Number of protein chains: 2
Amino acid sequence: MTFDPKDCGTCPIRHRAVCARCEADELETLDGIKFYRSFEAGQPVIWSGDNMDFVASVVTGVASLSQAMEDGRTQMVGLLLPSDFLGRPGREAATYDVVAVSNLTLCCFRRKPFEKIMLQTPHIGQRLLEMTLDELDAAREWMLILGRKTAREKIASLLTILARREASLALQTAESGTSFELPLTREAMADYLGLTLETVSRQMSALKREGIVLLEGKRKVIIPDFDALMAETGDDADGGMVS
Amino acid sequence: MTFDPKDCGTCPIRHRAVCARCEADELETLDGIKFYRSFEAGQPVIWSGDNMDFVASVVTGVASLSQAMEDGRTQMVGLLLPSDFLGRPGREAATYDVVAVSNLTLCCFRRKPFEKIMLQTPHIGQRLLEMTLDELDAAREWMLILGRKTAREKIASLLTILARREASLALQTAESGTSFELPLTREAMADYLGLTLETVSRQMSALKREGIVLLEGKRKVIIPDFDALMAETGDDADGGMVS
DNA sequence: GTTGCGCTTTGACCCAGATCAAAATGCGTG
DNA sequence: CACGCATTTTGATCTGGGTCAAAGCGCAAC
């Protein structure tokens with residue numbers, strides 16, 4: 001449960017180019033209230049309705065936010081990768097179920113002190129606004145996927161989103177085919193896309209059969225021709241996608 | 001095209017209880033760069049990709065944000081009622097198609113000056129963060145609707161959302177049955193819910209037939225028993241919904 | 001090795017909602 | 001009032017993805 005503080009180098013609320021003036025104070029103050037928590041794949045981080053006395057930033061691993069209906073239907077509504085922010089300043093209770101999709105490390109800040117620091121350091125609020133607006137754009141892209149795309153387009157869209165996000169993290173751009181770790185089970189993919197796991201499996205098999213994606217082991221996805229995958233998403237050829 | 005400045009009393013970025021200190025300046029400065037624009041029902045406000053040199057707040061009427069695929073499939077991704085905010089500080093181009101769903105009046109601020117004022121008045125940024133987080137919660141609720149609900153549940157959910165939002169605007173709480181203006185065509189409802197307009201029509205007819213909603217004219221919706229409608233949404237009986 | 005268990009794949013069938021088509025309902029206009 | 005046009009309703013049929021069921025496929029533990 002102990003980590004090198006530099007692990008939190010990804011912490012996005014610190015990434016500010018401007019105003020070196022208060023930068024030092026800010027880091028210092030945030031450092032004073034931060035602590036790390038780790039979760040194993042599959043473990044719950046918090047349940048909807050629980051008291052949530054911290055906010056956090058993902059250091060490593062993947063977490064999901066999801067909403068469940070009482071009959072068991074589940075929809076994932078957020079997928080948090082390293083540098084993503086979890087929690088809402090000013091809110092007492094968690095609004096969603098948060099689960100560690102893979103092994104997960106969070107850099108947490110106790111909520112009350114964090115809110116106080118936010119008032120003193122406009123930067124943090126500004127940065128948080130940026131991030132929230134980006135998340136909102138991503139949510140809206142996701143709404144198009146859920147509402148209007150076919151199962152095949154949904155799968156292709158998810159794969160391009162994951163490929164892009166992992167690529168931007170590990171700034172290895174694709175030259176001879178992109179590849180990335182698929183951290184999601186079939187069921188998690190289904191919950192992301194509003195499908196059943198059987199349909200996800202069938203469409204993955206179809207894409208594999210057609211050579212649009214290759215699977216290595218069960219986790220590694222290889223995309224020999226990214227444009228060919230893009231063509232299956234239903235989006236414009238150019239970068240019509242947000243984020 | 002001229003409006004009484006107090007029309008903008010709904011302008012949400014001014015609603016701040018705290019800090020009377022800079023309140024005066026803020027209002028003054030914002031007033032200096034604001035102007036009004038009106039649109040008739042059906043008119044486009046801006047197309048995705050267009051240069052957007054303003055941000056705005058809805059004064060009266062309803063606007064929609066939507067995304068279209070090149071084959072014509074359309075998904076609404078935002079529905080703006082009075083007091084909602086339109087546009088993104090720091091972004092040059094519009095990301096979505098914005099259409100006036102009903103007659104619409106916007107209180108606009110030129111983007112560049114607005115961004116400058118934002119830097120000077122942390123309030124505005126804080127308020128905008130609040131609003132954006134609320135919108136994100138709404139978007140996530142919407143994702144559950146799109147991904148997991150049946151057509152009937154989708155319709156019921158939309159009606160409760162509209163009833164609630166209109167009620168909160170015109171603080172007339174329901175005593176003997178709620179009622180509200182339905183500003184959306186069947187097609188707009190379909191685009192909101194990821195359905196076809198035929199399915200929307202059929203489900204509306206079914207709810208009408210069963211007495212769960214009454215229609216007066218073509219715009220007025222009466223809900224004799226709000227709980228009965230709620231029971232059709234698939235959500236928990238208690239206020240499990242956000243916003 | 002083999003047993004057990006969770007995850008994934010594949011198959012057979014079904015149904016909610018899409019699609020295609022036509023009629024009905026408004027409603028502004030000459 | 002009758003015409004034209006957009007919107008909505010209703011009907012008939014089709015189909016993509018859901019549902020139910022049964023194998024496969026690792027892989028960790030013994």
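Keep in mind that what you see is a predicted model, and the values were worked out from it rather than measured. No hydrogens, no waters, no symmetry mates; every other heavy atom, side chains included, goes into these values.
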Listed once per pair and sorted, the side chain to side chain donor-acceptor pair (under 3.5 Å) pairs that draw on residues 207-224 of chain A, sequence neighbours left out: Arg152(A)-Glu210(A)

Filter on salt bridge (charged side-chain N to carboxylate O under 4.0 Å, His left out), then keep only pairs touching residues 182-195 of chain A, sequence neighbours left out; what's left? Asp191(A)-Arg148(B)

DNA chain D: Thr199(B) or Ala151(A), which has the more 5' nearest nucleotide? Thr199(B)

For Thr196(A), check side chain to side chain donor-acceptor pair (under 3.5 Å) against everything at least two apart and list the hits. Thr199(A)

Kindly state each residue pair satisfying salt bridge (charged side-chain N to carboxylate O under 4.0 Å, His left out) with at least one member in residues 97-107 of chain B, sequence neighbours excluded. none

Mind checking side chain to side chain contact (heavy atoms under 4.5 Å, CB included) for Val101(B) and listing every partner two or more places apart, or none if nothing turns up? Val62(B), Ser64(B), Leu184(B)

For DNA chain D, note the earliest and the latest nucleotide, 5' to 3', having some atom under 4.0 Å of a heavy atom belonging to chain A. dG17(D) to dC20(D)

Give Arg148(A) one of three labels, base, sugar-phosphate or nothing, depending on what nucleic acid heavy atoms sit under 4.0 Å from its own. nothing

Do any pairs count as a ring-ring contact (aromatic ring centres under 6.0 Å, His included) and have a residue in residues 188-214 of chain B, sequence neighbours left out, and if so which ones? Trp142(B)-Tyr192(B)

On DNA chain C, more 5' by nearest nucleotide between Arg202(A) and Arg219(A) is Arg219(A)

Could you tell me the boundaries of the chain B footprint on DNA chain C, defined by atoms under 4.0 Å from its heavy atoms? dG17(C) to dC20(C)

Sequence neighbours excluded, every pair satisfying salt bridge (charged side-chain N to carboxylate O under 4.0 Å, His left out) that has a member inside residues 63-78 of chain B: Glu153(A)-Arg73(B), Asp71(B)-Arg73(B)

Once you apply a heavy-atom cut-off of 4.0 Å, does Arg73(A) come out as touching a base, just sugar-phosphate, or nothing? nothing

Restricting to side chain to side chain donor-acceptor pair (under 3.5 Å), what partner residues turn up for Thr132(B), sequence neighbours left out? none

NZ or CZ of Arg164(A) within 45° of Phe226(A) ring axis and under 6.0 Å: no

Are side-chain N/O atoms of Thr60(A) and Thr105(A) paired as donor and acceptor at under 3.5 Å? yes

Identify whether any heavy atom of Ser205(B) sits under 4.0 Å from a base atom; if not, whether one sits that close to sugar-phosphate; answer base, sugar-phosphate or nothing. sugar-phosphate

Please list, by residue number, the residues of residues 188-198 of chain B whose heavy atoms come closer than 4.0 Å to an atom of DNA chain C; answer none if no residue qualifies. Gly194(B), Leu195(B), Thr196(B), Glu198(B)

By side chain to side chain contact (heavy atoms under 4.5 Å, CB included), Asp227(B) pairs with (sequence neighbours left out) Asp225(B)

